[in-house]
Amino acid sequence: MKKHILLLATGGTIASQESGQGLTPSMDSEALLACIPQVRDLCDISALQLMNLDSTNITPEHWLTIARCLKEHYDAYDGFVITHGTDTMAYTAAALSYLIQDSPKPIVLTGGQKSIALQDTDARRNLYDSFLYAADDSSCGVHIVFNGEVILGTRARKERTKSYNAFSSVDYPDTAIIRDRKLIRYFDERPGRKDPVWYDRLNTRVLLLTLIPGLDPEPLEGLTGNYDGLILQTFGSGGLPGSDSGRFAEILRMWISSGKSVVMMTQVPYEGSDLMVYQVGQRILKNYPVIEASNMTLEAVVTKLMWALGQTGDPKEVRDLFCRPVHHDRIGC
Ligand code: ASP
């Protein structure tokens with residue numbers, strides 16, 4: 001029997017047309033489907049237009065709206081395809097991975113570097129491939145399907161603004177590839193659960209600070225009241241200027257003693273942090289209860305911290321939730 005897949009359209013370049021003031025999402029879900037008529041041989045499709053936004057304008061509120069819509073329709077469909085702008089697709093994919101855990105049904109995000117209306121677009125292939133993946137018996141969980149790659153929602157990052165291979169799977173292999181309209185699986189991904197675990201709360205009071213050499217940490221001092229979580233994107237394997245005795249460390253102490261959660265991660269794109277390697281990191285890790293992100297992506301760190309802070313205000317529980325692996329978001333740490 002043919003699978004029944006629900007398409008949720010949210011906008012992005014895939015649905016964009018020239019407005020005279022730059023590309024704007026304007027095609028609806030039915031117009032997208034009309035560009036790939038052969039997909040009806042693969043599966044039955046229903047479609048919903050959830051929003052029509054450039055993904056620059058997508059916020060955590062939209063992630064919750066998408067998750068609510070998936071929950072509402074979960075039992076009625078075999079899988080889900082979400083069309084989305086590529087710019088913040090990796091954030092949405094990571095957020096949905098935390099809001100909908102262990103989904104036995106596939107939830108696929110896709111888009112295009114060019115509008116689906118153009119002749120030389122990548123969007124038609126991406127959309128068709130997404131339905132191919134979503135309609136397969138062994139598919140489950142949240143993934144991005146793009147340029148023939150199937151990437152875990154917790155591992156994806158946009159790395160190119162123009163090329164068709166826009167996304168990479170960071171520190172984790174693609175779970176499958178699609179070549180000539182054939183799905184080639186590298187992993188068996190069947191989840192143990194019959195139903196996903198749904199969450200509906202995020203706390204967005206999260207601040208990200210990327211260090212640059214010589215950065216003055218002083219402005220951070222006045223910001224403790226505005227945020228519940230701080231992400232410090234440090235250099236290399238990780239550490240703070242001045243180690244545990246500088247002004248950075250004093251301000252860090254202030255944040256932690258006022259009950260805030262502090263995550264330390266590296267700004268190096270691959271292979272993650274290891275605060276134990278250098279004195280600048282080890283002393284911080286030993287003397288301050290910071291949370292180490294290890295090899296998580298920035299998108300996963302931001303959304304997981306929002307999710308964890310959304311479940312509890314207790315920093316110890318935030319740490320436990322954050323450090324518990326979800327959908328292979330942190331491995332070997
Ligand atoms: N600015 C667009 C968006 O993220 C880019 C794209 O979809 O490729 O909505």
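Just follow the structure's listing: the first ligand is 1, and inside any ligand the first atom is 1.
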Quick one: is the NZ or CZ of Lys304 closer than 6.0 Å to the six-membered ring centre of Tyr98, and within 45° of its axis? no

of all protein heavy atoms, closest to atom 8 (O) of ligand 1 is Thr86 OG1, 2.5 Å

Within the 4.0 Å heavy-atom shell around Gly12, which atoms of ligand 1 are there? 7 (O), 9 (O)

Over all atoms of both residues, closest heavy-atom pair of Thr10 and Thr83: OG1-O, 2.6 Å

Within a distance under 4.0 Å of any heavy atom of Thr13, pick out the atoms of ligand 1 and give their elements. 2 (C), 5 (C), 6 (C), 7 (O), 8 (O)

Answer yes or no: does an N/O atom from Lys158 fall short of 3.5 Å to an N/O atom of ligand 1? no

Gly11 near ligand 1, heavy-atom distance under 4.0 Å? no

Ligand 1 to Asp87, heavy atom cutoff 4.0 Å, flagged ligand atoms 1 (N), 2 (C), 3 (C), 4 (O), 5 (C)

Quick test of your reading of the model: are Lys3 and Asp137 salt-bridged, counting only N-O distances below 4.0 Å? yes

Once you measure the plane-to-plane angle for Tyr74 and Phe80, does it fall in the parallel (<30°), tilted (30-60°) or perpendicular (>60°) bin? parallel

Between Arg247 and Glu221, does any side-chain N to carboxylate O distance fall below 4.0 Å? yes

Do me a favour and list the nearest non-hydrogen protein atom to atom 4 (O) of ligand 1 with residue, atom name and distance? Ser55 OG, 2.5 Å

Is Arg68 salt-bridged to Asp200, cutoff N-O under 4.0 Å? no

